[in-house]
Undergrad: 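Structure incoming, see below.
For ligands, and for the atoms within them, numbers begin at 1 and follow the listed sequence.
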Amino acid sequence: MKNIVVLISGRGSNFKAVYEASIKEKWFDVWGVKIVGVISNRPEAAGLEYAEKMGIPTAVIDHKNFSDRESFEKVLIEKIEGFGGELVVLAGFMRVLTPLFVNHFKGRILNIHPALLPSFPGLHTHERALEAGVRIHGVTVHFVSDVLDGGAIIGQAAVPVLSTDNPDTLAQRVLSKEHVLYPRAVRLVATEKVRLEENKVVMDLESSEQLAIF
Ligand code: GAR
């Protein structure tokens, strides 16, 4: 799973964090792992500009041009495979994926979700964490299954919830952990230190220590 395609919809800060780690840690020289393409479903996604600046091939597949999810996903699959992509990294990709896509790349799609799953799947996670009054919140990286935000968990990072927090301050604190956790998780899956076997995540002790961040 050496060739990574990143899917984005917006800002792309997680994509940038993964890309920067891949350069700093020399993923290509050490393991032959690299980001071979970035695809956005929104033409205005800021992350595309950064990818272009870094010389990474990009594509826009606007979901609004398709009448249903499956026809959008068929084109997405073609594009990912056209880039030579083997591992799909969702980084703020705000489209629900159907079994067509998920089964095609089973065990080869990662997502980052801004909450400690299984708490708070779906949207507005920071508002909901504050509303629920939890004292610890965070972020989860997981394999994607056909249950929304329900796939097997790869790694998590926790942050405190402070009495002064609002959704924006909490989101910022979580985001800085996202940028630590996601590059690690992507590297460990791309190098097959972490795998999905019969719907369970398998990893060695050293990887598990790296994937629980407090
Ligand atoms: C991140 O906080 C990510 O966890 C979240 O969107 C943001 C994207 O930021 N993802 C989801 O909510 C997925 N359901 P980014 O574009 O700067 O990486």
Undergrad: Quick one: are the ring centres of His113 and His142 less than 6.0 Å apart?
TA: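 No, too far apart.
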Undergrad: What protein heavy atom sits nearest atom 6 (O) of ligand 1, and how far off is it?
TA: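 Here the nearest protein heavy atom works out to Gly92 CA, 3.9 Å.
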Undergrad: Note the single closest protein heavy atom to atom 12 (O) of ligand 1, along with its residue, its atom name and the distance in Å.
TA: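 In this structure, atom 12 (O) of ligand 1 has Pro114 CD, 3.5 Å as its nearest protein heavy atom.
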Undergrad: Students often mix this up, so state it plainly: with edges at 30° and 60°, are the rings of Phe72 and Phe93 parallel, tilted or perpendicular?
TA: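 Rings of Phe72 and Phe93: parallel, under 30°.
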Undergrad: Asp165 and Arg173: which non-hydrogen atoms are nearest, and at how many Å?
TA: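 Looking at all heavy atoms of both residues, the closest pair is OD2-NH1, 2.7 Å.
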Undergrad: Among all protein heavy atoms, pick out the one at the shortest distance from atom 2 (O) of ligand 1; state its residue, atom name and that distance to 0.1 Å.
TA: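 Checked against all protein heavy atoms, atom 2 (O) of ligand 1 sits closest to Glu178 OE2, 2.9 Å.
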Undergrad: Taking only non-hydrogen atoms of Lys16, do any sit less than 4.0 angstrom from ligand 1?
TA: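 Contact check Lys16 vs ligand 1: negative.
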Undergrad: At what distance is the nearest protein heavy atom to atom 9 (O) of ligand 1, and which residue and atom is it?
TA: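 Residue, atom and distance for the closest contact: Arg11 NH2, 3.0 Å.
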Undergrad: What protein heavy atom is closest to atom 15 (P) of ligand 1, reported as residue, atom name and distance in Å?
TA: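 Of the protein heavy atoms, Ser13 N, 3.4 Å lies nearest.
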Undergrad: Which heavy atom of the protein is the closest neighbour of atom 16 (O) of ligand 1, given with residue, atom name and distance?
TA: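 I find the closest protein heavy atom is Gly12 N, 2.8 Å.
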Undergrad: Which is closest to atom 10 (N) of ligand 1 by heavy-atom distance: Val96, Val6, Leu90, Ile112?
TA: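 Comparing heavy atoms across Val96, Val6, Leu90, Ile112, the nearest one to atom 10 (N) of ligand 1 lies in Ile112.
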Undergrad: State plainly whether the residues Glu20 and Lys16 are in salt-bridge range, i.e. N to O under 4.0 Å.
TA: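 Salt bridge present between Glu20 and Lys16.
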Undergrad: Any side-chain donor paired with an acceptor under 3.5 Å for Glu131 and His124?
TA: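 The criterion, which ignores hydrogens and geometry beyond distance, is not satisfied for His124 and Glu131.
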Undergrad: Would you say Ile136 has more than 12 foreign heavy atoms packed within less than 6.0 Å of its CD1?
TA: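 Count not over threshold, so no.
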